[in-house]
Amino acid sequence: MAKIVGISGSLRRGSYNSALLRAAVELAPKGLTIEIATIRGIPLYDGDVEAEQGLPEAVQVLKEQIVSADGVLLVTPEYNNSIPGVFKNAIDWLSRPPADIPRVFRGRPVGLMGATPGHWGTVLAHNAWLPVLRTLGAMAWSGPRVQVADAEKVFGADGRLLDPAVREMVAKYLVGFAQFVERVRRYA
């Protein structure tokens, strides 16, 4: 059985991306467990804080969740055609100290999903993540993308993913990502 860590890149309580991550947990195929992790509580990166106090506890917790998982699912909003600052900041902290990058990221399968109220989905945020993941040595899955546009039309007021076509797209994505994670595990 594969275990992945899912991380929403939004801090907003009513986040469509957090709702999409919860839907992924619900729709995960048999044999795939998705543990929801959070970036909440991770401060802005400051090299002085790192030098004087070490890694903040929220960073250490998230780092160990990733290390203990077989893969990572980044569920990303798109802010100003790119990666949300809070999400990138979390990854920057997770890459500290640099000697930890191989332990946390190298060879680790990473999937991307995203939701936005915009009409184009999260294509630009997905594209912006690729060089970051490549730099860290992660293995970005290049299967079909889940880039939910017009999110307010596919989620209910309670945050539940209601649109049957999007639910099917997420379910199929997770089957493919789970197979990718298994292949990486087998050949690692």
Side-chain angles (χ1 to χ4, degrees), residues 1-10 17-18 20-39 42 45 55 58-78 82-84 87-115 121-148 161 166-188:
M1 179 189 283
K3 178 180 107 175
I4 63 172
V5 171
I7 308 167
S8 171
S10 176
N17 288 280
S18 296
L20 183 60
L21 178 54
R22 289 190 302 274
V25 170
E26 174 190 340
L27 297 168
K30 185 176 178 162
L32 178 68
T33 301
I34 302 174
E35 174 187 354
I36 294 179
T38 185
I39 61 172
I42 295 179
Y45 178 75
L55 298 180
V59 174
Q60 293 176 42
V61 167
L62 182 54
K63 187 181 280 197
E64 292 312 313
Q65 285 177 294
I66 292 170
V67 167
S68 70
D70 300 306
V72 178
L73 179 62
L74 302 179
V75 187
T76 186
E78 183 172 293
S82 192
I83 301 169
F87 211 0
K88 176 65 168 62
N89 177 69
I91 299 300
D92 292 342
W93 266 112
L94 291 168
S95 70
R96 304 301 304 163
D100 263 6
I101 292 172
R103 184 173 79 91
V104 178
F105 295 106
R106 186 152 304 134
R108 191 164 312 278
V110 176
L112 293 166
M113 290 184 171
T122 53
V123 66
L124 297 174
H126 280 75
N127 291 343
W129 274 110
L130 295 177
V132 174
L133 297 174
R134 192 173 316 120
T135 297
L136 295 172
M139 297 181 67
W141 186 51
S142 60
R145 293 181 172 192
V146 174
Q147 301 166 335
V148 180
L161 179 57
V166 177
R167 289 180 66 81
E168 182 178 338
M169 177 174 50
V170 170
K172 284 182 180 178
Y173 176 90
L174 292 170
V175 167
F177 184 54
Q179 291 169 348
F180 175 69
V181 170
E182 285 300 325
R183 279 193 309 272
V184 171
R185 281 177 57 185
R186 207 169 339 172
Y187 297 109

[atom1] of [X] to [atom2] of [Y]: how many Å apart, nearest 0.5 Å?
{"X": "I34", "Y": "E26", "atom1": "CD1", "atom2": "CD", "answer": "11.0 Å"}
{"X": "N127", "Y": "R145", "atom1": "CG", "atom2": "CZ", "answer": "4.5 Å"}
{"X": "L133", "Y": "H126", "atom1": "CG", "atom2": "NE2", "answer": "10.5 Å"}
{"X": "L27", "Y": "M169", "atom1": "CG", "atom2": "CE", "answer": "11.0 Å"}
{"X": "Q179", "Y": "W141", "atom1": "CD", "atom2": "CH2", "answer": "8.0 Å"}
{"X": "L124", "Y": "T76", "atom1": "CG", "atom2": "OG1", "answer": "11.0 Å"}

For a quick test of reading the model, state the closest non-hydrogen atom pair linking [X] to [Y] and the distance between them.
{"X": "I42", "Y": "A58", "result": "CG1-CB, 3.9 Å"}
{"X": "M1", "Y": "G31", "result": "CG-O, 3.1 Å"}
{"X": "A24", "Y": "L174", "result": "O-CD1, 3.3 Å"}
{"X": "F180", "Y": "P109", "result": "CE2-CB, 3.6 Å"}
{"X": "S10", "Y": "S18", "result": "O-OG, 4.1 Å"}
{"X": "A2", "Y": "V181", "result": "CB-CG1, 4.1 Å"}

What's the verdict on side-chain contact (heavy atoms from CB on, under 4.5 Å) for V110 and W129, showing C-alpha distance, side-chain angles and the deciding distance?
-> CA-CA 10 Å; V110 176; W129 274 110; over 6 Å; no
Tell me, please, which residues at least two apart from W93 pass side-chain hydrogen bond (donor to acceptor under 3.5 Å, both in side chains).
->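 Not a single residue meets the side-chain hydrogen bond (donor to acceptor under 3.5 Å, both in side chains) criterion with W93.
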salt_bridge(E182, R186) N-O dist < 4.0 Å =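 Result for this pair is no, no salt bridge flagged.
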Trace of the side-chain contact (heavy atoms from CB on, under 4.5 Å) decision for V170 with R167 = CA-CA 5 Å; V170 170; R167 289 180 66 81; 5.9 Å; no
Expected list for residues 63-75: side-chain donor-acceptor pairs under 3.5 angstrom, two or more places apart:
| from | atom 1 | to | atom 2 | distance (Å) |
| --- | --- | --- | --- | --- |
| K63 | NZ | R96 | O | 2.4 |
| K63 | NZ | D100 | OD2 | 2.8 |
| E64 | OE1 | R103 | NH1 | 3.4 |
| E64 | OE2 | R103 | NH1 | 3.2 |
| E64 | OE2 | R103 | NH2 | 2.9 |
| Q65 | NE2 | E35 | OE2 | 2.8 |
| S68 | OG | K3 | NZ | 3.3 |
| S68 | OG | E64 | O | 3.2 |
| S68 | OG | Q65 | O | 3.1 |
| D70 | OD2 | K3 | N | 2.8 |
| D70 | OD2 | R185 | NH1 | 3.3 |

Spell out, as yes or no, whether a donor-acceptor pair under 3.5 Å connects the side chain of Y173 to the backbone of L112.
->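 Looks like yes, one N/O pair under 3.5 Å.
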State, with a plain yes or no, whether a side-chain heavy atom of I91 is found less than 4.5 Å away from one of I83.
->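 I91 vs I83: side chains apart.
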For the pair L136 and L94, evaluate side-chain contact (heavy atoms from CB on, under 4.5 Å) and give the outcome as yes or no after the intermediate values.
-> CA-CA 10 Å; L136 295 172; L94 291 168; over 6 Å; no
Using side-chain contact (heavy atoms from CB on, under 4.5 Å) as the criterion, list what pairs up with R134, not counting sequence neighbours.
-> L130, P131
Check against side-chain contact (heavy atoms from CB on, under 4.5 Å), T38 and L62 = CA-CA 7 Å; T38 185; L62 182 54; over 6 Å; no
